[in-house]
Amino acid sequence: MPKTLPTLDEFLAALPADRRDTMTTVHKAIRKAVPKLTAAVMSGMGPSPLIGYGKYHYKSASGREGDWFLIGLAAGKSYYSLHICAADKAGYLAEQNAAKLGKVKTGRSCINFKKLEDLKLDVAMGLVKLAAKTGGLNAVM
C-alpha cells in the first residue's frame, strides 16, 4: 500500500529547523510569484517528497506522457533543489540563466544550492513567473 504524503504544513514542520527556514522562505517566494499555481506535497524523483506547484500534462518525443509539476522545491541531504520544468525556443529556463542565479549548480531544469544566500532569489522567481506563463516541458496544450 503506498504511503500517504504529508500535508504541506506537516511536510515543512517535519524538516530540521535549519532546512525548514530555507524551504519556508523559498516556498513563500514561490507562492508570492505565482499565487495561482496550486502547491502540494508529492513524490518526486528521489526517495523524499517535494513540494510541487502547478501541474501540466506532457508528451515526450518517445511518446511517453503523463502529469508533472511545473515548479518543484525539494530539500536534499546536502542541498536544496528548485525545479523549473519549462523551456522556450532557446532551451530550458534554468539552464539558460545559470550564470545569473548565483552560486548554484544547474541541470536542464534544476537549480541546486547549498544555502539560501547562494541563490539569487529574485532572479529565480523571475524564472518561476516566466515558467507559469510558458507552460511545462513538452506540454500538451
Side-chain angles (χ1 to χ4, degrees), residues 2-141:
K3 79 177 189 186
T4 51
L5 293 168
T7 66
L8 190 53
D9 289 340
E10 289 168 346
F11 174 74
L12 290 170
L15 293 169
D18 59 329
R19 315 285 294 153
R20 184 178 336 128
D21 290 345
T22 296
M23 287 288 287
T24 300
T25 299
V26 178
H27 167 67
K28 286 180 178 176
I30 293 169
R31 297 304 305 139
K32 185 177 178 187
V34 287
K36 291 183 179 170
L37 294 185
T38 304
V41 176
M42 51 184 61
S43 1
M45 296 155 273
S48 302
L50 55 79
I51 305 171
Y53 305 84
K55 193 189 275 190
Y56 70 96
H57 192 76
Y58 70 87
K59 186 169 186 176
S60 66
S62 67
R64 192 171 129 195
E65 61 182 293
D67 294 314
W68 199 244
F69 56 83
L70 184 59
I71 307 297
L73 178 61
K77 286 184 179 175
S78 60
Y79 59 87
Y80 302 91
S81 297
L82 176 61
H83 302 269
I84 301 177
C85 301
D88 60 19
K89 289 181 175 119
Y92 293 86
L93 298 181
E95 196 172 48
Q96 285 180 60
N97 293 280
K100 301 175 192 169
L101 287 163
K103 190 179 168 186
V104 301
K105 287 186 180 175
T106 57
R108 287 179 155 178
S109 59
C110 183
I111 303 163
N112 293 324
F113 57 101
K114 290 197 178 271
K115 53 187 192 268
L116 188 56
E117 300 78 43
D118 292 343
L119 175 68
K120 291 187 179 173
L121 195 58
D122 57 337
V123 175
M125 290 309 107
L127 296 180
V128 164
K129 288 178 185 176
L130 185 56
K133 289 179 188 167
T134 61
L137 296 170
N138 303 314
V140 178
M141 301 296 190

Tell me the closest heavy-atom pair linking Leu5 and Met42, and the distance in Å. CD1-CA, 3.5 Å
Distance, nearest 0.5 Å, that separates CD of Gln96 from CG of Leu130: 8.5 Å
Any side-chain heavy-atom pair of Ile30 and Leu82 under 4.5 Å: yes
Atom pair OG1/NZ of Thr38 and Lys55 - distance to nearest 0.5 Å: 9.0 Å
Do you know the tightest heavy-atom contact between Ala98 and Val104? O-CG2, 4.3 Å
Kindly determine whether Tyr80 and Val26 satisfy side chain to side chain contact (heavy atoms under 4.5 Å, CB included), including the steps that lead there. CA-CA 10 Å; Tyr80 302 91; Val26 178; over 6 Å; no
Could you tell me whether the side chain of Asp118 reaches within less than 4.5 Å of the side chain of Tyr79, counting heavy atoms only? no
Heavy-atom nearest pair, Lys59 first then Glu65, reads CA-CB, 3.9 Å
Got a sec: does the CZ of Arg20 have more than 12 other heavy atoms crowding it under 6.0 Å? yes
With distance as the sole test, does Thr24 use its side chain to make a donor-acceptor pair with the main-chain N or O of Asp21 at under 3.5 Å? no
Are Arg31 and Tyr53 close enough, and set up right, to give a side-chain hydrogen bond (donor to acceptor under 3.5 Å, both in side chains), and what steps lead you there? CA-CA 9 Å; Arg31 297 304 305 139; Tyr53 305 84; over 6 Å; no
Can His57 and Asp67 be said to form a side chain to side chain contact (heavy atoms under 4.5 Å, CB included), step by step? CA-CA 4 Å; His57 192 76; Asp67 294 314; 2.9 Å; yes
Checking Arg108 side chain against Leu93 main chain: does a donor-acceptor pair fall under 3.5 Å? no
Whether His83 and Phe69 hold their rings parallel, tilted or perpendicular, with breakpoints at 30° and 60°: perpendicular
Can you confirm whether His27 sits close enough to Leu73 that some side-chain heavy atom of one is under 4.5 Å from a side-chain heavy atom of the other? yes
How many angstroms lie between atom CD of Glu95 and atom OG1 of Thr106, to the nearest 0.5 angstrom? 6.5 Å
Rounded distance (nearest 0.5 Å) linking atom NZ of Lys114 with atom NZ of Lys105: 6.5 Å
How far does OG of Ser109 sit from CH2 of Trp68, to the nearest 0.5 angstrom? 9.5 Å
Search all heavy atoms of Leu121 against all heavy atoms of Ala29 and return the closest pair with its distance. CD2-CB, 4.0 Å
Taking the side chain as every heavy atom from C-beta outward, state whether Val128 and Ile84 have any atom pair closer than 4.5 Å. yes
Is there a side chain to side chain contact (heavy atoms under 4.5 Å, CB included) between Cys85 and Tyr58? Walk through the geometry before answering. CA-CA 11 Å; Cys85 301; Tyr58 70 87; over 6 Å; no
Roughly how far, to the nearest 0.5 Å, is CE of Met125 from CG of Asp122? 9.0 Å
Minimum heavy-atom separation for Thr134 and Ala86, please, with both atom names. OG1-CB, 3.6 Å
Looking at every heavy atom in both Val41 and Pro6, which two are closest together, and how far apart are they? CB-O, 3.4 Å
Please assess Lys115 against Thr22 for the test side chain to side chain contact (heavy atoms under 4.5 Å, CB included), listing each intermediate value before the final yes or no. CA-CA 8 Å; Lys115 53 187 192 268; Thr22 296; 6.0 Å; no
